[in-house]
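Structure first, commentary second.
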Amino acid sequence: MADPLLFNPRTYDPKHFDPETRRLLRATVDWFEERGKRRLIDDYRSRAWLADFLDFSAKEGLFATFLTPASAAEGQQDKRWDTARIAALNEIFGFYGLDYWYAWQVTILGLGPVWQSDNTAARTRAAELLAQGEVFAFGLSEKTHGADIYSTDMLLTPDGNGGFRADGSKYYIGNGNAAGLVSVFGRRTDIEGPDGYVFFAADSRHPAYHLVKNVVDSSKYVSEFRLEDYPVGPDDVLHTGRAAFDAALNTVNVGKFNLCTASIGICEHAIYEAVTHAHNRILYGRPVTAFPHVRRELADAYVRLVGMKLFSDRAVDYFRSASSDDRRYLLFNPMTKMKVTTEGEKVIDLMWDVIAAKGFEKDTYFAQAAVEIRGLPKLEGTVHVNLALILKFMRTPLLPPAEFAAVPTRLDAADDTFLFEQGPARGLGSVRFHDWRPAYDVYAGVPNVARFREQADALCEFVTTSAPDEEQSRDLDLLLAVGQLFALVVHGQLILEQARLTDLDEDVLDELFSVLVRDFSAFAVELHGKDSATADQQSWALGAVRRPVVDEARSGRVWECVEALSGAYEMAP
């Protein structure tokens, strides 16, 4: 019997979506399944460009349907920017291979500045290119400066006719080898400061666009390109001045959310392989899964993966319900980027400890999963960058809350227009949040939720009585440890909200929170050991350590869910 919490191609039926979305999601799964595991692995190892996949996408209108907002769809009813179905496709792509997801992901990033632009000609051109099956690219990063957009060396010189000539290079730009449109960030040579920023559209096929190389050894074409005297006309200019800066950050707000569901897909495929292998391997006359430490590691991997899904699914609702008056997504977004993707690494590591050498074998999906899962926490800003961003919100959610109407589950066929109308990328300190406590109160009778709630309440006490002083606030190493504690409370909150909405089995929830109790305790001990931690902070940290509530019967029931994954799915040869 298929696990209802995990994606399984054998039983997948996204009936909660409209007919065309269901058709496209199922068609994508069927395309991968028909190609088979051997072809999937061979293409990954040979670093083959994704031409056949992009041909499939073009034929089905996959990217065009999912990535054209209704405002650019010319009345075609199935085209919209719908974060719920985008998340579903992220999961599928991750399940079959991050190379496919990456071509899609950087197309999303490349489209961000376009769909935020008032340039009608550029928007029309983008919609036409999508309909033709083209991919897009996001020309922000540079070799010298990384993603430091304050320091861009892509220079635009006025040509005297209302346009510019662009010169400079970009580095680490996905799809830079084939993009029909590259959204490029630069600055004018005749205007100093932020008013000189420009976002413009370039074509990778133009003679003045020079492809240097693929900077990674992968099917992902992560390019370095150079523009030399590239003509930029008025129809190519997407944003100027501070609006260009905002477009860059707001595009990342949209794009980095996709990393969480890609990591979920990777872990789902890997857990089927890992449990099947372990359960069918006999060691010292017993299945490997008979050993208590193996059961604990696989059960931890399973409940962590469930937690990843619950948090990400609930975060979708906040994205889709966002507005200028409700910007809570700005916290949940770096949470999906940082917390969910690092949880994915833990899930893979737990399973790898069990299957050991099997995880290196060339005929497994797991071998590529173990490599690819590492990339997601490092894309769209490092873990540290996103954790620092999360810290900016710490006082607001933990202290007196604001009143908001309840956010419903958002699976409706609606266009998420606000994502391209986010406005100025500032004012994070003014973002308000609803009370986190009611989500915990609903499950006060679940032993490990109650135990974790003790730790969450302790963190509120820390913020009010032992928070880092002005000098410590410059010690990012200390602050990041505090940020991990805060992130766990937010992680638990959305998990609990989604658990209630989906009527999650309380055994699974209890087992999941036993893991979170251990995690909180571990980060508290880490804070205790920081060089600059005060005596009060050290005392608080040790006082926040808790032992999870142990229930062998509950753990046994959860193990049955894990054991049932053995043989539940295996990709066709």
Side-chain angles (χ1 to χ4, degrees), residues 83-84 86-87 90-91 94 249-250 252-264 267 304-322 326-347 373 376-398 401 404 407 410 419 422 425 428-429 431-437 439-440 452 455-456 459 463 479-499 501 512-513 515-516 519-520 523:
T83 304
I86 286 172
N90 286 329
E91 186 177 1
L249 296 183
N250 290 337
V252 174
N253 283 341
V254 174
K256 72 181 176 184
F257 177 79
N258 300 315
L259 279 71
C260 65
T261 35
S263 64
I264 289 166
C267 292
R304 283 187 186 276
L305 176 53
V306 170
M308 291 164 66
K309 292 202 73 168
L310 293 169
F311 183 92
S312 300
D313 286 349
R314 186 57 175 150
V316 166
D317 301 333
Y318 286 95
F319 262 74
R320 303 199 71 196
S321 300
D326 182 358
R327 301 169 71 205
R328 287 174 286 177
Y329 74 102
L330 292 174
L331 168 59
F332 303 140
N333 194 24
M335 279 290 301
T336 58
K337 159 64 185 78
M338 183 282 294
K339 188 62 182 175
V340 176
T341 61
T342 53
E343 283 291 286
E345 287 190 291
K346 292 175 184 176
V347 169
I373 199 70
L376 291 165
K378 300 167 183 64
L379 296 175
E380 322 307 347
T382 64
V383 168
H384 301 130
V385 167
N386 280 278
L387 192 51
L389 179 58
I390 289 165
L391 270 168
K392 293 179 182 293
F393 298 96
M394 187 170 77
R395 285 186 175 273
T396 311
L398 290 176
F404 286 96
V407 171
R410 291 295 309 277
L419 296 180
Q422 295 178 60
L428 299 185
V431 177
R432 302 299 305 279
F433 293 87
H434 62 297
D435 193 349
W436 59 272
R437 296 167 184 84
Y440 285 85
F452 186 81
Q455 295 176 308
L459 184 60
V463 171
L479 292 180
L480 291 178
V482 176
Q484 291 283 10
L485 296 168
F486 171 54
L488 276 168
V489 176
V490 179
H491 190 54
Q493 176 190 348
L494 261 61
I495 286 172
L496 291 171
E497 289 184 13
Q498 187 68 6
L501 290 168
L512 168 57
F513 269 81
V515 171
L516 299 187
D519 286 351
F520 195 100
F523 285 124

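Residue numbers count from 1 along this sequence. Predicted model, so just to flag it, every value in this text is computed and none were measured.
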Is there a side-chain contact between F319 and N333 (heavy atoms, below 4.5 Å)?
-> yes

Which atom names give the shortest non-hydrogen contact between N386 and P334, and what distance separates them?
-> OD1-CB, 3.5 Å

SG on C267 to CZ on R304, rounded to 0.5 Å = 11.5 Å

For the pair V407 and R328, evaluate side chain to side chain contact (heavy atoms under 4.5 Å, CB included) and give the outcome as yes or no after the intermediate values.
-> CA-CA 11 Å; V407 171; R328 287 174 286 177; 3.5 Å; yes

Value rounded to 0.5 Å, distance of CG in D326 from CZ in F404 | 4.5 Å

After noting the C-alpha distance and the side-chain angles of I390 and M394, does the key distance pass the side chain to side chain contact (heavy atoms under 4.5 Å, CB included) rule?
-> CA-CA 7 Å; I390 289 165; M394 187 170 77; over 6 Å; no

Do Q498 side-chain atoms and F311 backbone N/O form a donor-acceptor pair below 3.5 Å?
-> no

Check: K337 side chain, P377 main-chain N or O, donor-acceptor pair, under 3.5 Å | yes

Taking S263 for the side chain and C260 for the main chain, is one N or O donor matched with an acceptor at less than 3.5 Å?
-> yes

Rounded distance (nearest 0.5 Å) linking atom CG of L516 with atom CZ of F520 | 11.0 Å

Do F433 and F393 have side chains that get closer than 4.5 Å, going by heavy atoms?
-> yes

May I ask you to test the Y440-V489 pair for a side-chain heavy-atom distance under 4.5 Å?
-> yes

List for me each residue that meets ring pair (Phe, Tyr, Trp, His ring centres under 6.0 Å) alongside Y318, sequence neighbours excluded, and say none if there are none.
-> F332, H434

Results of side chain to side chain contact (heavy atoms under 4.5 Å, CB included) for A84 - residues two or more places apart only = F17, D82, V316, R320, L411

Tell me, which pairs form a salt bridge (Lys or Arg N to Asp or Glu O under 4.0 Å) where one or both residues lie in residues 484-498, sequence neighbours left out?
-> R314-E497

Check L310, V306, D313, V490 against I495 for a side-chain contact (heavy atoms from CB on, under 4.5 Å) and give me the one that passes.
-> L310

How long is the span from the CD1 atom in I264 to the CG atom in L259, to the nearest 0.5 Å?
-> 11.0 Å

Beyond-backbone contact of L428 with L389, side-chain heavy atoms, under 4.5 angstrom = yes

Count the heavy atoms of every other residue, nucleotide or ligand shown that sit under 6.0 Å from NZ of K346, and state whether that count exceeds 12.
-> yes

Roughly how far, to the nearest 0.5 Å, is CG of L419 from CG of N253?
-> 9.0 Å

So how far is it from L496 CG to F513 CZ, rounded to the nearest 0.5 Å?
-> 3.5 Å

Contact summary for M338 and A487, nearest pair of heavy atoms = CE-CB, 3.8 Å

State, to 0.1 Å, how close T341 and L376 come at their nearest heavy-atom pair, and which atoms those are.
-> CG2-CB, 4.0 Å

What's the shortest heavy-atom distance between L488 and K339, and which atoms?
-> CD2-NZ, 3.6 Å

State plainly whether the residues E343 and K309 are in salt-bridge range, i.e. N to O under 4.0 Å.
-> no

Does a side-chain heavy-atom distance below 4.5 Å link Q455 with L459?
-> no

Ignoring hydrogens and geometry, is there a side-chain-to-backbone donor-acceptor pair from D317 to R410 under 3.5 Å?
-> yes

Have a look at T261 and tell me which of T336, V340, N90 forms a side-chain contact (heavy atoms from CB on, under 4.5 Å) with it.
-> N90

Determine the minimum heavy-atom distance between A315 and F257, stating which atoms define it.
-> CB-CE1, 3.9 Å

Taking the side chain from N250 and the backbone from Q422, do they hold a donor-acceptor pair closer than 3.5 Å?
-> no

F486 versus L331: any side-chain heavy-atom pair under 4.5 Å?
-> yes

